[in-house]
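Worksheet: one structure, shown below.
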Amino acid sequence: MRTLRNLFAVLAVLLAWSGVARAADEHGIFERILAASGSFEETSAALEKSLGESKLTLHAKHDLKIPDGAQKARVYVLTSPAYLEAAKGAPANTVSAQILRVAVYQYGEGKKTYINMANPTSHAMVFYAGQKDYPQLLAAAKAAAQEIRDVAAKVPGKAETVQLEPARSEKTLNKFNGDGPAKMMAKWRNWEESQRLLFEGKPEEFAAMVARVEKALAASKDKGADDASGWRLISQVPVGANAVYFGISNEYTENKCVRINSDFRSDGKTKDAPYPGVDHAPALPLEILVINDGKTVRAVQYGEMWRMQLYFWDSGYMAFTKNTFVPSAIFNSIEKSLTAPGS
C-alpha cells in the first residue's frame, strides 16, 4: 500500500511538472507588463514620458471606442530602430512582425489600469518561421520586447511578465493556420497565404501604389459602431525601402472585437468593467501592407478570419460561430474601400 501511495505521489509530481513545463513553453500573443498604481490618464502620461526618453519610435496613439464607454483603452504603435536594423534583410512581407503595439487599459473590479503589449516574440515565431536566420530574428524580437518592458517599468506600478491568451507553443506559432475546428474557417492558410491581394503593380510603381492607398484611406470615413464600411488611418510606417505599413481601424471593428472576446469570459468581468476583452486592445489597428519583393508590388490585407483566430481564439468556439459574419464584413469593407473606382 505504501508503495502504491508513493507511486501516486511520484505521478502527481510528474504531472504537475509537465503542466508547468507546458505553461512555460506557451507564448501569449499578448503579454501583460505592468499593473499600474495610477489612473488611466496618469498611467498614459507616464508611459508617453518614458517612451519619449527611450530609443523606441512612437508613430501613433489611438483611443478605442469601447461599447457604452464603459472602460478606456489606448493603443500605441511603435517601432524599435534596433529591431528594424536587425530585420532589414528579412523579406518585405514579414513587416507585420516589426510593428510593435502597446496598450493602456482599464480592467476588472475598480477599473484598475494595466499595460500590455502585442508580444513581439510570438509574432516573430509566426512571421519569421522558415527563414534561414530565424534564430537571429527571434533574438531581435525578444530584445524589442525587453525594450518595451523597460519602458513600462518606469511607469508607477508593479512590473509583470504575464502571458495572456490566446497562448501557444513555438511549434504551433511557427505553423499557425488557425485553431482547432475553426481552421477550416481560415481555410488552413498560414500567415503568408492569408495576405490577400488588393491590387498589384510593377516595382517601379511602388510609390504610386503607396499613394493610391493614402488616397483611398483619406476618402474613407468611419461610420460608427453599426456600420462596417469606412476606415480611419491610425498610422503609416515605412519599413525599409520596400514596405509600408498602414494601421487602420473603425468603431465597428473595435466594438465587435471587444464584445466578441468579452461575451463568454468570466475573468475580469465586473459590474463596473463589463468588457474584459479590452485586454486584447493591442490586436488593433488592422493592417494594410504595400510590399515590393523586386518582382511585383502588392497591396494586401490579411484574411480576417485568420487574424481573428490569431488574436481572439480564446473568445471560444461559440463566440466564433455566433459571429462568423464579422470577419467577412471587415474584410469586404477594406477591399471595397481600397479598390473602389477612383480610389
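The one candidate from I334, V244, L233, V300 that meets the side-chain contact (heavy atoms from CB on, under 4.5 Å) condition with I288 is I334. Residue V210 forms a side-chain contact (heavy atoms from CB on, under 4.5 Å) with just one option from N292, V290, V297, and that option is V290.
Summarising the geometry of V258 relative to Y275, their closest heavy-atom pair is CG1-CB, 3.7 Å, with the distance given to 0.1 Å. Counting all heavy atoms, side chain and backbone alike, A283 lies closest to R307 at O-NH2, 2.6 Å. In plain terms, the two heavy atoms of A141 and A124 that are nearest each other are CB-CB, 3.5 Å. Across D272 and G110, no two heavy atoms sit closer than the pair OD2-N, 2.9 Å. Looking at every heavy atom in both residues, S328 comes nearest to F325 through OG-O, 2.9 Å. Between D293 and K295, the shortest heavy-atom contact is OD1-N, 2.8 Å.
Here the straight-line distance linking atom CG of D179 with atom OG1 of T172 works out to 8.5 Å at 0.5 Å rounding. Separating the CG atom in L47 from the CD1 atom in I33 is a distance of 7.5 Å, to the nearest 0.5 Å. With values rounded to the nearest 0.5 angstrom, E200 atom CD is found 7.5 Å from M209 atom CE. Taking OG from S54 and CG from D150, the interatomic distance works out to 9.5 Å, rounded to the nearest 0.5 Å. Between the CD atom of E251 and the OG1 atom of T253 there is a distance of 10.5 Å, given to the nearest 0.5 Å. Here the OG1 atom belonging to T270 is positioned 8.5 Å from the NZ atom belonging to K111, to the nearest 0.5 angstrom.
Taking the six-membered ring where the residue is Trp, H123 and Y311 present tilted rings, their angle falling between 30° and 60°. Using the six-membered ring where Trp is involved, Y114 and Y107 have ring planes that are perpendicular, over 60° apart on the 30 and 60° scheme. Between F30 and H280, the ring planes are tilted. Angles from 30° to 60° get that label.
Note on R265 versus D279: salt bridge recorded, some NZ/NE/NH1/NH2 to OD/OE distance being below 4.0 Å. A salt bridge between R232 and E254 is present, with a side-chain N of the basic residue lying under 4.0 Å from a carboxylate O of the acidic one.
Side-chain atoms of K142 never come within 3.5 Å of backbone atoms of T121 as a donor-acceptor pair (strictly under, hydrogens ignored). Of the possible donor and acceptor atoms, one in the side chain of S122 sits under 3.5 Å from a partner among the backbone N and O of G28. A donor-acceptor pair is defined here as one N or O able to donate and one able to accept, closer than 3.5 Å; such a pair exists between the side chain of Q195 and the backbone of N93. Under a 3.5 Å cut-off, the side chain of T321 and the backbone N or O of M318 do form a donor-acceptor pair. Formation of a donor-acceptor pair under 3.5 Å by the S262 side chain with backbone atoms of G277 is found in this model. S337 contributes a side-chain N or O that, together with a main-chain N or O of S333, makes up a donor-acceptor pair within less than 3.5 Å. With hydrogens and angles ignored, the 3.5 Å screen pairs a side-chain donor or acceptor of T339 with a backbone N or O of E335. Remark: the backbone N or O of K72 is paired with a side-chain donor or acceptor of Q106 at under 3.5 angstrom. A donor-acceptor pair is defined here as one N or O able to donate and one able to accept, closer than 3.5 Å; such a pair exists between the side chain of Q309 and the backbone of A182. Under a 3.5 Å cut-off, the side chain of N250 and the backbone N or O of A228 do form a donor-acceptor pair.
When only modelled atom types and interatomic distance are considered, S80 and E147 share a side-chain donor-acceptor pair under 3.5 Å. E48 and Y76 share a side-chain donor-acceptor pair at under 3.5 Å.
Summarising the local packing, NZ of K269 is surrounded by more than 12 heavy atoms from other residues, nucleotides or ligands at distances under 6.0 Å.
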Working note: M308 + N323, criterion side-chain contact (heavy atoms from CB on, under 4.5 Å); need CA distance, chi angles, decisive distance, verdict. CA-CA 11 Å; M308 286 288 284; N323 295 279; over 6 Å; no
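Ring centroid separation for the pair Y302 and W191 does not come in under the 6.0 Å cut-off.
Under a cutoff of 6.0 Å and an axis angle of 45°, R196 and F331 do not form a cation-pi pair.
In terms of the side-chain contact (heavy atoms from CB on, under 4.5 Å) criterion, residue partners of N190 (sequence neighbours excluded) are, by chain and number, E192, E193.
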